Enquirer: 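One structure, as structure tokens, below. Some questions next.
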Amino acid sequence: MHWKDARESLLQRFVASKRPGLITDMDGTISPIVPTPSDAYPTERGRAALAALHPQMALVAVLSGRAVADLVERVGLPELAYGGNHGLERWQDGEVVLAEAARPYRPALEAAMAQIEPLLQAGEWIEDKGATLSLHYRNSRDAQAAVRLAPLLETQAQAQGLALFSGRMIFELRPPLPIDKGSAFRDKIGRAHV
């Protein structure tokens, strides 16, 4: 069933439930995927929908791999709840709150970045998001960038005690903690019901 076909049935029941909520990602969800992540912004339609839903629901949140301060700035709706860096950060009272367990990994991230940066080629760059590092290669001239970069990043992840993840034209180094978008999602729901 297409979501447009469900507007009168499923969506009406959802909105009528006692405590409905909505948690969305940004890139590829309320914002298109663009060649340079710094050019990504939510569509006006997406922003308007979130703003309209906020007073109607118990929770409207944006949860992303982006740094939470960047996310708050790009979405531009301070009344929403925000989680960033795959759940390692949340926005609370106008400030970034980093998961306490992630703090000790900052030196490891800096050491990995120092080893990786000199080896990058044109169109490849590291985005330092504080709690995590993202290595972007979507604009690389090297068609085999992922094949070339993966062993380098695996070596650095092991050497620095970090976890390595891959995504759409991206690799990420993160603290090896049981925190991710799923755990952050459960946390947001728990906070909404308090």
Side-chain angles (χ1 to χ4, degrees), residues 21-51 53-54 59-103 105-106 108-110 112-113 116-117 120 123-140 146 149 153 157 162-189 191-192:
L22 173 76
I23 298 178
T24 184
D25 198 343
M26 189 179 116
D27 295 276
T29 306
I30 60 171
S31 165
I33 299 291
V34 295
T36 305
S38 61
D39 293 339
Y41 286 90
T43 64
E44 283 306 312
R45 182 176 181 190
R47 286 183 77 255
L50 294 174
L53 288 170
H54 178 262
L59 172 70
V60 177
V62 184
L63 179 58
S64 174
R66 288 180 174 272
V68 75
D70 178 56
L71 187 62
V72 169
E73 182 180 322
R74 287 177 189 284
V75 175
L77 297 170
E79 65 272 22
L80 303 185
Y82 293 92
N85 265 315
H86 303 280
L88 292 168
E89 297 176 331
R90 72 178 188 278
W91 191 252
Q92 182 176 325
D93 300 325
E95 294 185 357
V96 175
V97 177
L98 178 65
E100 198 62 39
R103 290 186 193 285
Y105 291 94
R106 182 63 194 166
L109 292 165
E110 290 173 356
M113 187 166 46
I116 296 164
E117 271 186 322
L120 298 181
E124 301 167 356
W125 73 97
I126 293 179
E127 180 184 5
D128 182 355
K129 299 187 292 186
T132 65
L133 299 176
S134 292
L135 193 155
H136 300 271
Y137 62 93
R138 69 180 73 171
N139 297 328
S140 179
L149 292 168
L153 291 167
L162 299 168
L164 175 63
F165 296 86
S166 62
R168 189 183 302 174
M169 307 298 282
I170 192 172
F171 287 106
E172 293 183 318
L173 291 172
R174 304 181 203 161
L177 301 171
I179 298 173
D180 57 24
K181 288 181 185 177
S183 63
F185 178 85
R186 289 185 295 278
D187 183 57
K188 292 280 183 219
I189 291 170
R191 289 177 193 275

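This structure is a prediction, so every number in the text was calculated from the model and none was measured. All heavy atoms count here, side chains included; hydrogens, waters and symmetry mates do not.
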Enquirer: Using side-chain heavy atoms (C-beta onward) and a distance below 4.5 Å, is Pro176 in contact with Tyr105?
Expert: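 Of all side-chain heavy-atom pairs linking Tyr105 with Pro176, at least one is under 4.5 Å.
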
Enquirer: Would the number of heavy atoms belonging to other residues, nucleotides or ligands and lying under 6.0 Å from CD of Glu79 be above 12?
Expert: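 More than 12 within 6.0 Å, yes.
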
Enquirer: Taking only residues at least two apart or on different chains, which pairs with a member in residues 162-177 satisfy side chain to side chain donor-acceptor pair (under 3.5 Å)?
Expert: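 Every pair satisfying side chain to side chain donor-acceptor pair (under 3.5 Å) with a residue in residues 162-177: His86-Glu172, His86-Arg174, Lys129-Glu172, Ser134-Glu172, Glu172-Arg174.
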
Enquirer: Assess the residue pair Leu135 and Leu120 against the criterion (side-chain contact (heavy atoms from CB on, under 4.5 Å)); give the C-alpha distance rounded to whole Å, side-chain angles, the decisive distance to 0.1 Å, and a yes or no.
Expert: CA-CA 9 Å; Leu135 193 155; Leu120 298 181; 3.6 Å; yes

Enquirer: Quick check for you: to the nearest 0.5 Å, what is the distance between Thr132 atom OG1 and Arg106 atom CZ?
Expert: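 These two atoms lie 9.0 Å from each other.
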
Enquirer: So which atom in Pro32 and which in Tyr41 form the shortest heavy-atom distance, rounded to 0.1 Å?
Expert: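 Shortest heavy-atom separation between Pro32 and Tyr41 comes out as CD-O, 3.9 Å.
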
Enquirer: Tell me the closest heavy-atom pair linking Ala131 and Leu98, and the distance in Å.
Expert: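 Scanning both residues completely, I find the closest heavy atoms to be CB-CD1, 3.6 Å.
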
Enquirer: Indicate the atoms forming the closest heavy-atom contact of Leu59 with Ala81, along with that distance.
Expert: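 Nearest pair, atom of Leu59 first, then Ala81: CD1-CB, 3.8 Å.
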
Enquirer: Is there a donor-acceptor pair closer than 3.5 Å between any side-chain N or O of Gln92 and the backbone N or O of Val97?
Expert: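 Absent.
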
Enquirer: Please round to the nearest 0.5 Å and tell me the distance separating atom CG of Leu63 and atom CG of Asp25.
Expert: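 Result: 7.0 Å between the selected atoms.
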
Enquirer: Got Ile116 and Leu133 here, is their nearest side-chain heavy-atom distance under 4.5 Å?
Expert: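 They are not in side-chain contact.
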
Enquirer: Which pair of heavy atoms, one from Tyr137 and one from Ile170, lies closest together, and at what distance?
Expert: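 That would be CE2-N, 3.3 Å.
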
Enquirer: Please enumerate all residues that pass side chain to side chain contact (heavy atoms under 4.5 Å, CB included) together with Glu117, with sequence neighbours excluded.
Expert: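 Expected list: Met113, Ile126.
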
Enquirer: With the side chain counted from C-beta on, respond yes when Trp91 and Leu80 share a heavy-atom pair under 4.5 Å apart, and no when they do not.
Expert: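 The answer is no; the side chains never approach within 4.5 Å.
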
Enquirer: For the residue pair Asp128 and Leu109, establish whether any side-chain heavy-atom pair is separated by less than 4.5 Å.
Expert: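 Asp128 does not reach Leu109 side chain to side chain.
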
Enquirer: Taking Leu77's backbone N and O only, do any of them form a donor-acceptor pair with Arg47's side chain (distance below 3.5 Å, no angle check)?
Expert: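 Absent.
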
Enquirer: So which atom in Ala40 and which in Arg74 form the shortest heavy-atom distance, rounded to 0.1 Å?
Expert: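 Closest pair (atom of Ala40, atom of Arg74, distance): O-NH1, 2.9 Å.
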
Enquirer: Give every residue pair that meets the side chain to side chain donor-acceptor pair (under 3.5 Å) criterion with at least one member in residues 27-39, sequence neighbours excluded.
Expert: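 Output for this query lists Asp27-Arg66.
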
Enquirer: Enter the distance from Leu164:CG to Phe171:CZ here, rounded to the nearest 0.5 Å.
Expert: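 If I round to the nearest 0.5 Å, the distance is 6.5 Å.
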
Enquirer: Just to verify, what does Ala108 make a side chain to side chain contact (heavy atoms under 4.5 Å, CB included) with, not counting sequence neighbours?
Expert: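 With sequence neighbours excluded, Ala108 shows a side chain to side chain contact (heavy atoms under 4.5 Å, CB included) to Gln160, Leu162, given in chain and number order.
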
Enquirer: Looking at every heavy atom in both Pro175 and Leu88, which two are closest together, and how far apart are they?
Expert: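 Minimum heavy-atom separation between Pro175 and Leu88: CD-CD1, 3.8 Å.
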
Enquirer: Checking Arg138 now: which residues fulfil side chain to side chain contact (heavy atoms under 4.5 Å, CB included) with it, not counting sequence neighbours?
Expert: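 Result, side chain to side chain contact (heavy atoms under 4.5 Å, CB included) vs Arg138: Ile33, Pro37, His136, Met169.
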
Enquirer: Residues two or more places apart in sequence or in another chain: which of them pass side chain to side chain contact (heavy atoms under 4.5 Å, CB included) with Ala48?
Expert: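 Scan of Ala48 (side chain to side chain contact (heavy atoms under 4.5 Å, CB included), adjacent residues dropped) gives none.
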
